[in-house]
Every structure is written in structure tokens, then in C-alpha cells.
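Since the model is a prediction, treat every value here as computed from it, not as a measurement. First listed ligand is number 1; within each ligand, the first listed atom is number 1. The analysis underlying the following values was restricted to heavy atoms, covering all of them including side chains, and did not include hydrogens, waters or symmetry mates.
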Amino acid sequence: MALITSKEMFKKAYEGGYAIGAFNVNNMEIVQGITEAAKEVNAPLILQVSAGARKYAKHVYLMKLIEAAIEDTGLPICVHLDHGDSFETCKSCIDGGFTSVMIDGSHHTFDKNIEETKRVVEYAHAHGVVVEAELGRLAGVEDDINVNAEDASYTRPDQVEEFVARTGVDSLAIAIGTSHGAYKFKGEAKLRFDILEEIQKRLPGFPIVLHGASSVVPEYVELINKYGGEMPGAKGVPEHMLRKAAEMAVCKINIDSDLRLAMTAAIREQFALKPAEFDPRKYLGPGRDFIREIVRHKLVSVLGCNGTADTY
Ligand code: G3H
Ligand code: 13P
Ligand code: ZN
């Protein structure tokens, strides 16, 4: 199996009432934890790479790790640029073999967002690559940009048809109450299903993307908190709400913070048990194992995409 775009994934997900998991990757253990879980439950995957990840691990290393995961698992995998900040970043990822890019113009005016997205779409489509854009603004932290709750804004349904028609974009990220980062775990998010429904009505069959969708995995809160996590009495985005969104027009659900918390908790646990440990395999291995558990849970209980990988 070669790297694929998300086009067929989204069509199947829309029709099947489930969503594809888009998990952020930064190193080998994260790639392996995610892809091993997907292999176990026969799920397709989107592995996404942020500008920060490219800076940390280098584009070529992440590409080779993802290619290795495809060779190892035989799974349908799409490699996606998460929150592309400019045409240049998107172009560099397209030229470097990514099959999907996000151009995040959500901080621009409507017209400027359209202009920038359209430019990326033209280049991407000419190279067989698909594009995700964003309308509306999520609160939270992404790369070094911090969006306060007051500056966040829900997506306006009356803008979506014009945006999609004028840009030719392949999928659209919307703001309906999720937020980036771990701080959201301190309260309970309420998703505006009325907005999602209205968007779905205006764009029938069109794939919608949900960012900031880390939730609390109830079984793991205790372990994460025990080792200094940030989930005291946490609620986050309830998983049943994500499941409901996946049954609607949401075809891609982005998850990063949950994996960071899981990996870090497992590593902290190792150092608590064996403070003198100095073999990185002895603590990174449990970090990878915990990611595998969390991802398996997400694929089966939240996204519902398990058992669909061999339809490609
Ligand atoms: O939404 C942002 C993702 O969680 C990526 O985070 O930019 O720190 O790699 P990052
Ligand atoms: P979380 O911070 O909720 O994991 O969101 C990740 C995300 O949206 C990546 O684009
Ligand atoms: Zn995001």
C-alpha cells in the first residue's frame, strides 16, 4: 500500500457514519504506538505533522517513519500537514511527498482566508494533493499561537457554501466548541450540534473536520493525574459527543494532547518506579505502549473506524 490522500477515506467515513482519526506524530515511538493500534483493529489513519514537528524531527525523518509504518502494517495511511501557516509551508510539504495539507487562514478576514486557501488548493490539486481549510476560530494553543477564549469564534454557517465554492477546498475544519491543548480538560466542553447540523445541511456530503478533539479517556485519568498530568476532576470533550459528531458530517477528528499526556504519564511512572533508569528504551517503550492503548480506545469507541482498513 502506498500513501493515499484522504479523499476515499472521507467518502467512506461520511457514508459509514464514522470518522478517521488524525493523530499528530513527532517521533518513532508515537508513529509506532499509533500504527500498531490501528493494525490491531484494522483502521485507516491520518498521521499529521505540525510545523513544530517538522522543526523538531525534520520532514524527511517523519516521512521515512511513516513510509516504514506503511511497509510494516500495510494500512491505508494519509500524511497531512497540520495547521499550515502559509503557501510556502504547504508547498514544501506537497513537494516533500505529503498527500494532504491544511492551510489555516482562520485568523484572516473571510476574503483573505479565501484568497490564501484558493492559492494552496490550485497548487495542491495540480500535484494530486488534497486541502483542508478552517473557518471560525478555536480557542487554545497551536504551535506558538495562543488564542484566548474571547478571540475564539464559532463558524458561521451562512459563510460555508461561499467559502467552499470559491476555494475548491476538499474538507473544512469548523469551530463548534472544541479547543486546542490540555487546558480544556478543566471544564466540560459543549459542542454546538445546531451549528454542525446547519453546516451539514448547507454542504451535503462534504467532509467536516474537528480540531481540538482530545477528550478524557476515563480509564486513564487516574494514572495520568498520579504522575503529574493536568486532569484533576477533568471532563474535557465528552467522548459520546465526539461519537455523535462522527456519525454526522465530521469525517476527521484531530487528537494530539491525549497522546502527549499518555506518553508523558507512562514515562513519569517509569522514573517514579526506577529513578536511576538510564536506558531510553526502558521508558520510551512504556510511553509507546500507552499511546497504543489510548489510540485503540479512540479508534474503536470514539471514531468507529475500526474494521474498515481492508476496504481500500
Ligand atoms: O493543534 C496543534 C497540534 O496539537 C500540534 O501542536 O504545534 O505543538 O506540534 P504543535
Ligand atoms: P488537541 O489539542 O485537542 O489534541 O487537538 C489537536 C489538534 O487539533 C491538532 O490539529
Ligand atoms: Zn488543530
Side-chain angles (χ1 to χ4, degrees), residues 6 19-27 30-31 33-34 45-59 61-62 78-86 89-90 93 98 100-107 131-147 149 152 155 171-189 191 208-217 220 224 229-231 234-239 241-242 245-246 250-265 291 294-295 297-298 302-303:
S6 52
I20 308 292
F23 300 99
N24 287 70
V25 297
N26 294 280
N27 65 17
I30 298 174
V31 171
I34 298 165
L45 280 172
I46 297 173
L47 296 179
Q48 54 186 15
V49 174
S50 69
R54 288 178 88 220
K55 197 165 157 203
Y56 173 76
K58 288 193 183 170
H59 182 101
Y61 283 83
L62 292 170
C78 162
V79 59
H80 172 78
L81 168 67
D82 191 26
H83 293 285
D85 63 344
S86 63
T89 307
C90 293
C93 288
F98 281 25
S100 173
V101 294
M102 175 189 191
I103 174 71
D104 183 356
S106 58
H107 49 289
V131 180
E132 170 187 328
E134 180 165 329
L135 253 188
R137 269 206 109 179
L138 273 67
V141 183
E142 52 196 68
D143 268 322
D144 294 328
I145 304 163
N146 194 341
V147 184
T155 305
S171 62
L172 186 66
I174 60 167
I176 57 167
T178 59
S179 53
H180 285 113
Y183 89 101
K184 64 173 164 288
F185 295 135
K186 296 192 164 98
E188 178 167 294
L191 299 197
I208 300 299
V209 178
L210 218 49
H211 282 244
S214 279
S215 54
V216 176
V217 182
Y220 302 115
I224 290 169
E230 292 191 45
M231 294 184 166
K235 296 204 171 73
V237 188
E239 292 190 335
M241 288 197 186
L242 296 172
V250 171
C251 295
K252 171 175 180 271
I253 292 192
N254 286 12
I255 297 169
D256 185 13
S257 300
D258 274 334
L259 307 192
R260 294 181 182 202
L261 285 164
M263 184 169 204
T264 307
I291 285 186
I294 299 268
V295 171
H297 167 83
K298 300 277 178 190
V302 181
L303 300 150

Does any N or O in the side chain of [X] come within less than 3.5 Å of the main-chain N or O of [Y], such that one atom is a donor and the other an acceptor?
X: Thr178; Y: His211; value: yes
X: Asp258; Y: Ser215; value: yes
X: Thr155; Y: Ala175; value: yes

Could you tell me which atoms of ligand 1, counted from 1 in the order shown, lie closer than 4.0 angstrom to a heavy atom of [X]?
X: Asn24; value: 3 (C), 5 (C)
X: His83; value: 1 (O), 2 (C)
X: His180; value: 1 (O)
X: Asp256; value: 3 (C), 4 (O), 5 (C), 6 (O)

List every atom of ligand 2 that sits less than 4.0 Å from any heavy atom of [X], numbering the atoms from 1 in the order shown and giving each element.
X: His83; answer: 10 (O)
X: His211; answer: 8 (O), 10 (O)
X: Ile255; answer: 4 (O)
X: Asn24; answer: 9 (C)
X: Ser257; answer: 1 (P), 2 (O), 4 (O)
X: Gln48; answer: 9 (C), 10 (O)

- request: Give the contacting part of Ala213 toward ligand 2: side chain, backbone, both or neither, where contact means a heavy-atom distance below 4.0 Å.
  value: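 Answer for Ala213: backbone.
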
Is there side-chain contact between [X] and [Y], with at least one heavy-atom pair below 4.5 Å?
X: Ile34; Y: Leu259; answer: yes
X: Ile176; Y: Leu210; answer: yes
X: Phe98; Y: Val49; answer: yes
X: Ile294; Y: Ile255; answer: no
X: His83; Y: His180; answer: yes
X: Ile46; Y: Ser100; answer: no

Nitrogen or oxygen atoms of Asp258 and ligand 2 under 3.5 Å apart: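 Looking only at distances, the answer is no, because the N/O contact criterion of under 3.5 Å is not met.
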
task: Check each heavy atom of Arg260 against ligand 1 and say whether those closer than 4.0 Å belong to the side chain, the backbone, both or neither.
output: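 For Arg260, only side-chain atoms sit under 4.0 Å from ligand 1.
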
Pick from Asp256, Leu259, Val209: the one approaching atom 6 (C) of ligand 2 most closely through a non-hydrogen atom: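 Result: the heavy atom closest to atom 6 (C) of ligand 2 is in Asp256.
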
task: Could you check which of Gly212, Ser215, Ser50, Ser179 puts a non-hydrogen atom nearest to atom 5 (O) of ligand 2?
output: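 Going through Gly212, Ser215, Ser50, Ser179 one by one, Gly212 has the nearest heavy atom to atom 5 (O) of ligand 2.
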
- prompt: At the Zn ion (ligand 3), what angle lies between atom NE2 of His83 and atom ND1 of His211, rounded to 10 degrees?
  reply: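 Taking the Zn ion (ligand 3) as the apex, the two atoms subtend 90°.
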
field: For Arg260, all residues meeting salt bridge (Lys or Arg N to Asp or Glu O under 4.0 Å), sequence neighbours excluded
entry: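 Listed in chain order: Asp256.
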
query: What N, O or S atom of His180 is found closest to the Zn ion (ligand 3)?
result: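 Nearest to the Zn ion (ligand 3) within His180's N, O and S set: NE2.
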
message: Let's go through Met102 and Val209 carefully: what are the C-alpha distance in whole Å and the side-chain angles of both, what is the deciding distance for side-chain contact (heavy atoms from CB on, under 4.5 Å) to 0.1 Å, and is it a yes or a no?
response: CA-CA 11 Å; Met102 175 189 191; Val209 178; over 6 Å; no

- prompt: Is there any N or O on Asn26 that sits under 3.5 Å from an N or O of ligand 1?
  reply: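 In fact, backbone or side chain, Asn26 has no N or O that close.
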
- request: Apply the test side-chain contact (heavy atoms from CB on, under 4.5 Å) to residues Arg54 and Cys93: give CA-CA distance (whole Å), side-chain angles for both, the deciding distance (0.1 Å), then the verdict.
  value: CA-CA 10 Å; Arg54 288 178 88 220; Cys93 288; 3.5 Å; yes

task: Answer with yes or no whether Arg260 contacts ligand 2, where contact means a heavy atom under 4.0 Å from a ligand atom.
output: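 The answer is no, since Arg260 has no heavy atom less than 4.0 Å from ligand 2.
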
